[in-house]
Amino acid sequence: MKKDGKLAAFWRKDATRTVMASLISILIGLAVGAVVILITGLTSESLSLKSAWEGIQLMVLGLFSTGREAGALTFGFNGTNIGNMLFRATPLILTGLSVAVAFKTGLFNIGAPGQYLAGTAATLFIALEIPSSVVPPWIIWILAFLGGIAAGAVWGAIPGMLKAFLNINEVLACIMTNWIAANVVTWVFDVSNLKNMVDNSKSGYIYTTAYNNVQTPKMGLDKLFPGSQVNGGIIIAIVLAIIVYIMLTKTTFGYELKACGANRYAAKYAGIKDKRSIVLSMAIAGALAAAAGSLYYLSGNTEFYWSTYQSLPDAGFTGIPVALLAANNPIGVIFTALFMSMLDIAGLQLTNLTAYNEYITDVIIAVIVYLSAFSLVIKMWISGRKKRTVAPADPPAEPETLGEETEPAPEQTAEAAVQTDTAEAGKEASEQ
């Protein structure tokens, strides 16, 4: 009886239903991807049922693919794939946190791409303009990282101030600041001396930070995952996620942000400075998105293509489904970002080892994103389902007529005996 009660209470928890809704979204997305692969394999002349089965295997286990042996796919520990997954997950964790923090305050931060660009520009200028022959590279790294965060915070605070003081919708303001950032960054790099002129095959690329001996330390991860791009940035991203979680759940400041998001006017009536909360929330969101760009380009092995007016960085937009799938939980963002980057690696394996291409994983991500948007409906379905499956408790027994003696139920005998002994002992103690 007690176990059933605990199980029912566990299913009634909102956190349990949230996790279940996310898992269901992921499973449905993977199932849709498998169906697409199967249909493609059966309808294409160049593919077959065997290739479809291989595609499904790589979609699920692509992270552990080690290639082919005698024509058959092989699987095992692949340090390169896992390390690259961690490297790709680093910016996704931070952009996901950026969107999640804004969501907690009742705001939709679609401006993460512009904030990402602002942080990237500031980071690259600091990392490449300060000569490492004069200043130690590790000091330049810290200045570049902090400078990028500061630039993103300022850029994120702009739509926050427009929302707080002029009541301009933050989505519209973020869209405008995205393209302003793209064109400003393009112009700034276009007139700078940072374009890669050493490699004649490059056109419109900025030097990597390693050109100035500035790069994120590996922290021993390169030995665990040899041949990959992983570095200490993943550790920094996870630490920032934990800090954001503590800030939102364990501090007064975090409570004020969430209260303002729940009801701005009620929070103001309670004495919370709503305008300050909105501006600070967007500034923090901008700083986190900028940190994503900073860590990505401070790795030392990634080049920045400065003609950003052609497109906005994908990492800024991918942060939205990462936050949705994690239900805006900072700790959950870590796992959803890892999952999204795992799908990216699986897509590359599909392209390299089969006749399929990585766009199938985009279909999976799209389905998951749509289902994440309907997470409330899925949670309601789960709640109704559990209510039907969990057996109702036995109705209370009707009172017996006076004079009739009934023998207690076996499972109640021990409890009744303990209660009787306790009552008698208490009575004796009081008499003494």
Side-chain angles (χ1 to χ4, degrees), residues 14-15 17-18 21 94-116 118 149-181 240-241 243-292 316-317 319-333 369 372-377 379-380:
D14 184 70
R17 292 199 294 266
T18 299
L94 293 168
T95 53
L97 286 174
S98 173
V99 176
V101 168
F103 267 134
K104 289 291 187 181
T105 321
L107 302 171
F108 185 22
N109 180 30
I110 202 173
Q115 298 149 14
Y116 181 98
I149 289 177
V154 171
W155 204 253
I158 294 174
M161 289 188 290
L162 293 175
K163 173 69 174 180
F165 295 101
L166 300 178
N167 200 29
I168 296 176
N169 187 278
E170 73 276 6
V171 174
L172 297 177
C174 285
I175 292 174
M176 291 187 292
T177 55
N178 277 345
W179 290 106
I180 292 172
L240 287 175
I243 291 173
V244 170
Y245 174 78
I246 294 173
M247 179 196 73
L248 290 174
T249 60
K250 306 296 182 182
T251 66
T252 304
F253 175 66
Y255 173 80
E256 291 178 352
L257 293 182
K258 292 188 292 184
C260 187
N263 191 318
R264 174 181 177 180
Y265 301 103
K268 183 178 180 180
Y269 181 78
I272 296 174
K273 296 180 180 179
D274 59 323
K275 294 180 179 179
R276 184 192 69 173
S277 296
I278 291 174
V279 175
L280 287 178
S281 173
M282 288 300 296
I284 293 172
L288 291 168
F317 292 112
I320 297 174
V322 167
L324 285 174
L325 192 59
N328 304 317
N329 185 295
I331 303 300
V333 163
V369 170
S372 298
F374 291 97
S375 60
L376 180 60
V377 176
K379 287 168 64 176
M380 291 174 63

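Remember, it's a predicted structure, so these values are computed and weren't measured experimentally. This chain uses plain numbering: 1 for the first residue, then up along the sequence.
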Within 6.0 angstrom of [X] [atom1], more than 12 heavy atoms from elsewhere:
| X | atom1 | value |
| --- | --- | --- |
| Lys258 | NZ | yes |
| Tyr255 | OH | no |
| Tyr245 | OH | no |

Of all the heavy-atom pairs spanning [X] and [Y], show the shortest one and how long it is.
| X | Y | answer |
| --- | --- | --- |
| Asn328 | Lys104 | O-CE, 3.1 Å |
| Ile149 | Ala291 | CG1-CB, 4.0 Å |
| Pro159 | Glu170 | CB-O, 4.5 Å |
| Ile278 | Gly160 | CG2-O, 3.6 Å |
| Ser98 | Ala285 | OG-O, 2.6 Å |
| Pro330 | Ala241 | CB-O, 3.6 Å |

Handout entry: Electrostatic pair Lys273:Glu256 at N-O distance under 4.0 angstrom
Key = no

Problem - Matching residue for Gln115 among Thr95, Asn109, Thr177 - test: side chain to side chain donor-acceptor pair (under 3.5 Å) - result: Asn109

Exercise for the section: State, yes or no, whether a side-chain contact exists between Phe108 and Ile320 at a heavy-atom distance under 4.5 Å. Expected result: yes

Problem - Heavy-atom check, side chain of Met282 versus side chain of Cys174, under 4.5 Å - result: yes

Rounded to the nearest 0.5 Å, what separation is found between the [atom1] atom of [X] and the [atom2] atom of [Y]?
| X | Y | atom1 | atom2 | value |
| --- | --- | --- | --- | --- |
| Ser281 | Phe253 | OG | CZ | 7.5 Å |
| Ile158 | Ile168 | CD1 | CD1 | 12.0 Å |
| Thr251 | Ile246 | OG1 | CD1 | 9.5 Å |
| Leu162 | Asn167 | CG | CG | 10.5 Å |
| Ile284 | Leu97 | CD1 | CG | 11.5 Å |
| Lys163 | Asp274 | NZ | CG | 11.0 Å |

Practice task
Mark yes or no for whether Asn178, through its side chain, and Ile110, through its backbone, hold a donor-acceptor pair below 3.5 Å.
Solution key: yes

